Protein chains: 2
Amino acid sequence: MPQAQILSKNQQVVFEIIEKAKGPLKAYSILYDVQKKGIRAPLQVYRALDKLLELGKIHKIESKNAFVACKNSNCEITKATAFSICEKCEKVTEINNSKLSNYLSAFKDSTGMKYSKYNLEFFGLCKKCK
Amino acid sequence: MPQAQILSKNQQVVFEIIEKAKGPLKAYSILYDVQKKGIRAPLQVYRALDKLLELGKIHKIESKNAFVACKNSNCEITKATAFSICEKCEKVTEINNSKLSNYLSAFKDSTGMKYSKYNLEFFGLCKKCK
DNA sequence: TAACAAGCCGTTATATTATAACATTTTTAT
DNA sequence: ATAAAAATGTTATAATATAACGGCTTGTTA
Ligand SMILES: [Zn+2]
Ligand SMILES: [Zn+2]
Ligand SMILES: [Zn+2]
Ligand SMILES: [Zn+2]
């Protein structure tokens, strides 16, 4: 069983902010939030974000340049992500659907290219906004 | 039959650059290319890009902040896009696979949310780079 | 234990991507 | 002809992200 990753101080601080947030956070909004904890520069935030992404503890919502904590029991699968995004209230949910992930992981295009990673973003209206 | 959209001058200029390109282009690289045609400011480029996106003549590769011409016979379906991206040579191909698009267009998550749009990006190594 | 590598940290400066705000002109539809 | 809608041009600025430099800590190993 793999040892739980120990996060460094800055990584921990940034991760906690993202984990507690109700929705995706932008890098500079994270920076603002962590200033009281002594993190002052964008680069400090971006470095923590990079590491957390690499570990699969967070994901980036590409269409929003924002970050969310992984909701799939600390996703080893930073390589296979799918999100649902409400176009009205901006609510983002990580989709955890094994049929979908199996389908996409097995997908091969006509050129025979085999993929090692994918990211899927669905857009629509959530229950509340519909 | 819907009349072919007539592009304005700036839209046409920007579109031609993207269409002729061998790969995805970034906004400021487009700006550089079109300066000889009298387009001087970022906004002029971004406005053209916005319109072209809306028309489905181009798509944005979110993970790269770059733009490609639509290869699916001028995609009415700017709402259902899928790309394959080589992580080594950066080659990007628009995937045109009806099984995949049917599957994704019909996808419903556990909350019953129905989607009006999606974007999927696959990453891997292309034939050449493999 | 010396010395080396790897990872993390802090700081300043700068690059890259994108939009705000305002004034004007062109195109389209009535 | 008139009014509404779309496109243009320009300046300034906002938002997102990385480069470059130097130092500190920790664990490995010669
Ligand atoms: Zn996850
Ligand atoms: Zn909503
Ligand atoms: Zn297309
Ligand atoms: Zn390649």
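If you're wondering where the values come from, they're calculated on a predicted model, not measured in any experiment. The chains referred to below are lettered A, B, ... by the order of the sequence lines, with proteins before strands, and numbering in each begins at 1.
- Rounded to an integer number of Å, the gap from A/Leu49 CG to D/dT18 C1' is 13 Å.
- For the helix from C/dT1-D/dA30 to C/dT30-D/dA1, the angle separating the two terminal helix axes comes to 40°, with each axis derived from five pairs and the value rounded to 10°.
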Open item on the list: Does A/Lys114 form a side chain to side chain contact (heavy atoms under 4.5 Å, CB included) with A/Lys108? I'd like the steps, not just the answer.
Closed with: CA-CA 6 Å; A/Lys114 181 57 174 50; A/Lys108 278 181 185 155; 3.8 Å; yes
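- Between the CD1 atom of A/Ile61 and the C1' atom of D/dT16 there is a distance of 16 Å, given to the nearest Å.
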Task: Per-nucleotide protein contact string for nucleotides 5-22 of chain C, where B marks a base within reach and S marks sugar-phosphate only (heavy atoms under 4.0 Å, - for neither) - done: ---SBBBB----BBBBB-
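- Taken to the nearest 0.5 Å, the NZ atom of A/Lys64 stands 9.0 Å off from the CD atom of A/Glu121.
- Qualifying ring pair (Phe, Tyr, Trp, His ring centres under 6.0 Å) partners for B/Tyr103, counting only residues two or more places apart in sequence or in other chains: A/Tyr103.
- Relative orientation of the B/Tyr115 and B/Phe107 rings is parallel, given thresholds of 30° and 60° on the angle between their planes.
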Task: Pair B/Asn119-B/Glu62, side chain to side chain donor-acceptor pair (under 3.5 Å): steps then yes or no - done: CA-CA 9 Å; B/Asn119 180 55; B/Glu62 293 286 358; 5.7 Å; no
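- Minimum interatomic distance between A/Cys86 and A/Cys126 (heavy atoms only, all atoms of both residues): SG-N, 3.4 Å.
- A/Ser29 contributes no side-chain N or O that, together with a main-chain N or O of A/Leu25, makes up a donor-acceptor pair within less than 3.5 Å.
- Looking at every heavy atom in both residues, A/Asn10 comes nearest to A/Ala48 through O-CB, 4.0 Å.
- The nearest whole Å value for the distance from the OH atom in A/Tyr32 to the P atom in D/dT16 is 16 Å.
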